[in-house]
Amino acid sequence: MPSSNVFMAYHDHCHILKEPYMSHFEHLRSHAIPALQATMEEYVAPASGARHIHLTTTGADMAFLVGFPTVPDASDGRAHILEHLALCGSQRYPVRDPFFAMLRRSTATFMNAFTYADRTVYPFVSTDENDFYNLLDVYLDAAFFPKLDYLNFLQEGWRYTLTDGVLGYQGVVFNEMKGAFADPGHALYKGLTSTILSGTTYEVDSGGDPLAIPELTHQMLKDFHASHYHPSQAVFMTAGPLPAAAVQARIAERVLARQIDASTRRVPQLASAFAAPQRNTVRIPSQQGRDNEFGLQMTWLMGESAIPKVAFEASLLSAGLLGDAAAPLMKAMETAGYGRPSGFNGHDDSARQMLFHVGMEGLTEAQAPLAEALIWSTLEQVAEQGVEHATLQAALRDLKYQQRNTRSGSMPNVLERLLVALPVAMRDGDVVTAFDSDAILQAMESDIADPAYFKSLVRNLLSSPGRLVSTIVPDAAYFSDRDAVESARLAQASARLTDADRARIAADTVALEAHQKTAFDTQVLPRIRPGDVSTQPRALPAFAPAADDIHAFSIGSNGISSASIVYDVSAIPAADWPWLALYTQLRDDLGLEGQDYAEAGAWRQRMVPSFGFDLQPFQMPDGALRIDLTVSANALREEHANIVAVLDAYMARPRFDEAVRLRYLLERKVENTLDDLAQAGSHYASMAVSAPLAQVRRFQDAIAGPTALAFNARLKTLAATPEGVAQVAAELARIHAAIVARRPSILCAGSGDDGHDLARLLAAAWPTSGTTTGAAVAPGASSEAAPQAPANVALHAAGQVNHCNIAWAVPMSHDDDAGALSVAAELFTNQVLHTALREAGGAYGGSASYAGDSGVFLMASFRDPRLAATYRDFDAAVDTILASDYSDEQVEEAIIGVIKKLDKPEAPWDAVRLGWRMFRRGTDMATRERFRQGVLGCTQAQVKAVVQKYLKNGTASRAAFAGNTEQDLGGLAVLDLSVLAGA
Ligand SMILES: [Zn+2]
């Protein structure tokens, strides 16, 4: 039943469109993109200058975004805090948090908002037409007519708190950015851009520096909205099977009819060119301030990133100099005998002007000048000798592949395309070139045919005065210094406080608490109900047992073909899991029989655009563990023979005897793990809390959790001696032999008959040395479930925030209680945790989740200023759910929250891989239907019954990441991550 009034309003627009004054948008041009089976349409509203770019596509996803250029000139976080506040209530929807309310009332497959350095974007994606227009109304009102309430500013931005008379800071963005500052990369990047892009908006931190955020006032924020969020500044983008006119009619009625005056469009400033190259020093946070944590970065300022020629030449430079292990700069840095290439290498289009980064990390102070000389002399050499034509050809092929690729990363593919095109439109580029690169790629084919061409690109780097050389210095006092500045400011502010100030802070606190407790009538918001969604699970590619274990599918892939060779490695014993993981991580960086690692890397790069190994563990309904090791390649349909050759080479011709290379790779892995301890704190805590509760989590902990850190320490010792490196090589060879002893399963897919053709080629070429097929598995040591004690641990590395986790063992998704458990998780998040942990507690995130594939129920906070108090809130949450009486609307919202996750569309090849995992686990359509019915029919009584049975009466496992150990740790035992990892 079309339930919402919005559905009616959609029909109103057919009427409105007949009124001449309402035809706000003019069609500028259309452009067909055959490679994507799509057409781009561009429109402008002449009165205001608002732009609309629409991509007609045939997939299920309907995507919308509105973007505004936001160009702050201070690091007080105004653009970021405004992004949060816009989602906290608007004129038509004057409830406290319409964004979070819609998260639970909509079947959207993606909803978010992003603050970039020079723009703010509000995107969503839905596969349901009613839902799309519901969300469109909410997003338009949020962006153009937000309430920007003072109390929400205190909650989301920053506020003073008085605890027993002591002054402190609190606020969601304030804490979110403290978490962001834990990343050494954040400090490094700001250190580079603030100098090379000095005098522009890129000089400041658009997310907000927690030391500067308290300079922002509520009035400054409102002024920023008025000057930046206006139709004259807006770029609307849509994609999907939608009529552009219907979206435009809605924009016209909701926004343009009320705001028609035009003002000049904001474009971020251009940095002024350096007269001569410059140098600076950048301090980055370090856990211990070890003597090998120095770095050297060179950054070049190039042309405007919205100009296709600039963008493509920059990607050619990246590919030619750094693209694979044989590329000259990559090879020089990896074989220097000291340090390793930094995480900031290659071209960077995040600012209006393209940047190009080359640098090394893991250096001693004395090695930094050596690194600079090495980079420089290598560039001089390439300017003389050039690079091979085949390398540049592969780079152009990769660009063509990326343009056609339908796979989704963290967001739906169509939205990714819009987000890539948006900055081009905002920086006054030609947006067609962002969607369709065929013409420029053709032109570049002839450019690269001239051997002088690439050399001249490199010579331009050498001769450019727009160059910054940065020395990166580790600073073990980075956090304590920042804490000291913060404390000093608070002490200063505290000394100045009058009685009236103190009374105002106390009154604000009381008012905010009351505001957070006020129940708003959410009826004003549209919603999707359980009766509006399909009773059937989404269809997936159907697998059936096959004697030859070859499975081929026809998918809509824009002419990209994919293949996976899948080995069942479940029989590999638990003691070998870390070696299995190491094998998976290192193989594509090692050589092949007859080719050293650099030759093999360059060859593979020329053969296929995408290749990799991965490990996929999964837990059977009886709790037993299964593990797949997969090697995959994806390429254009004309490269089938290359796919076969590469897969065959990597499984039939491995080599593990390159000791120097192996030692380098081990050291890189060890050091990267040590550098990322605080940054990965939330990850480690979530691994530690659930490892004792499920086999699959125990495996993940062993290969990537705190348990794996002990293996990291062991690798560090082994890498230090030739005998140790030889031992690692022998272990990897042993693992390889165990893997290929089994006959693999083959998965293929492509457009039309391509998947079947590719499968035939693979079947003909594949060595059939193994004897057992993957489908019949003898239970290995890995399926023995040893009961483990729940965790009770505070994992520690230096940082400014905590991440808290609590978990319980519960049944898996085939159980009759699974539906109620999944609904319970949504109810916890919506009704208890979001309010207690984020709104009141100041954490960036607070939520519960049910993992049916492992049987773990989890509550977690993210970037949390509190620890012991958060654990008290977790415990109280269980009692609150049991004691409260929730409305039908609240239970239905929780049900919709589960359904939308189930119904998220997968890219075609990802759907094949998902279908395979379901097949391996024996999850058939009947099981999926039963679970879905359990969700759709779930009652409040069922939710309370499972919460009582598994949470209240169960035993909780607790693991937190603690940024410092001086705070109240609520009885958790401290485990130092650095010590564990062998720092
Ligand atoms: Zn944020």
Side-chain angles (χ1 to χ4, degrees), residues 65-68 70-72 74-90 96-103 110-124 139 142-143 146-149 151-159 169-183 185-187 189-190 201 204-216 218 220-221 224-225 228-229 350 410-411 415 419 422 516 679 681-682 799-803 829 833-835 837-847 860-865:
L65 69 80
V66 56
F68 303 97
T70 45
V71 288
S75 294
D76 55 18
R78 57 184 75 182
H80 184 189
I81 294 169
L82 175 56
E83 174 231 298
H84 278 239
L85 230 60
L87 305 173
C88 288
S90 59
R96 188 171 65 234
D97 56 353
F99 177 80
F100 283 97
M102 285 310 289
L103 272 179
F110 187 90
M111 282 177 70
N112 214 330
F114 299 116
T115 307
Y116 297 85
D118 61 5
R119 62 197 183 278
T120 305
V121 189
Y122 297 85
F124 70 81
Y139 266 63
K147 288 200 306 178
L148 306 181
D149 185 274
L151 293 174
N152 286 326
F153 173 76
L154 298 182
Q155 173 183 298
E156 297 294 320
W158 76 277
R159 64 183 181 274
Y169 294 124
Q170 188 59 283
V172 172
V173 169
F174 181 80
N175 287 315
E176 180 190 348
M177 293 312 296
K178 275 197 168 180
F181 270 66
D183 179 2
H186 184 97
Y189 192 67
K190 284 324 292 182
T201 192
V204 303
D205 197 317
S206 68
D209 180 339
L211 293 177
I213 286 173
E215 286 158 23
L216 183 69
H218 182 226
M220 286 156 75
L221 185 97
F224 190 73
H225 177 266
H228 284 71
Y229 283 31
S350 47
S410 57
M411 62 182 73
L415 179 59
L419 286 171
L422 178 67
Q516 287 166 345
Q679 182 59 0
S682 151
Q800 291 187 298
V801 289
N802 307 305
H803 313 284
T829 303
L833 298 178
H834 179 75
T835 309
L837 305 186
R838 178 168 163 127
E839 292 180 356
Y844 179 52
S847 62
S861 72
F862 181 65
R863 293 186 180 170
D864 191 343

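Indexing begins at 1, ligand by ligand and atom by atom, following the structure's order.
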Exercise. Mind checking whether Lys178 and Phe174 have side chains closer than 4.5 Å, heavy atoms only?
Worked result: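 The answer is yes, as the side chains (C-beta and beyond) meet within the 4.5 Å cut-off.
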Problem set entry | Donor-acceptor pair between Glu83 and Thr115 side chains, under 3.5 angstrom |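 The criterion, which ignores hydrogens and geometry beyond distance, is satisfied for Thr115 and Glu83.
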For this session: Would you kindly say whether His80 and Asp205 are connected by a side-chain donor-acceptor distance under 3.5 Å?
Result: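 No - no donor-acceptor pair under 3.5 Å links their side chains.
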Exercise. Where the side chain of Asn175 meets the backbone of Gly842, is there a donor-acceptor pair that is under 3.5 Å apart?
Worked result: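 Such a contact is found between Asn175 side chain and Gly842 backbone.
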Problem set entry | Atom of His84 closest to the Zn ion (ligand 1), considering N, O or S atoms |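 Looking at His84, the N, O or S atom with the least distance to the Zn ion (ligand 1) is NE2.
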Problem set entry | Closest His80 atom to the Zn ion (ligand 1) [N, O or S only] |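 Considering only N, O and S atoms, His80 comes nearest to the Zn ion (ligand 1) through NE2.
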For this session: Give a yes/no answer: is there an N/O/S atom of Glu176 under 2.8 Å from the Zn ion (ligand 1)?
Result: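 It does; at least one qualifying atom falls short of 2.8 Å.
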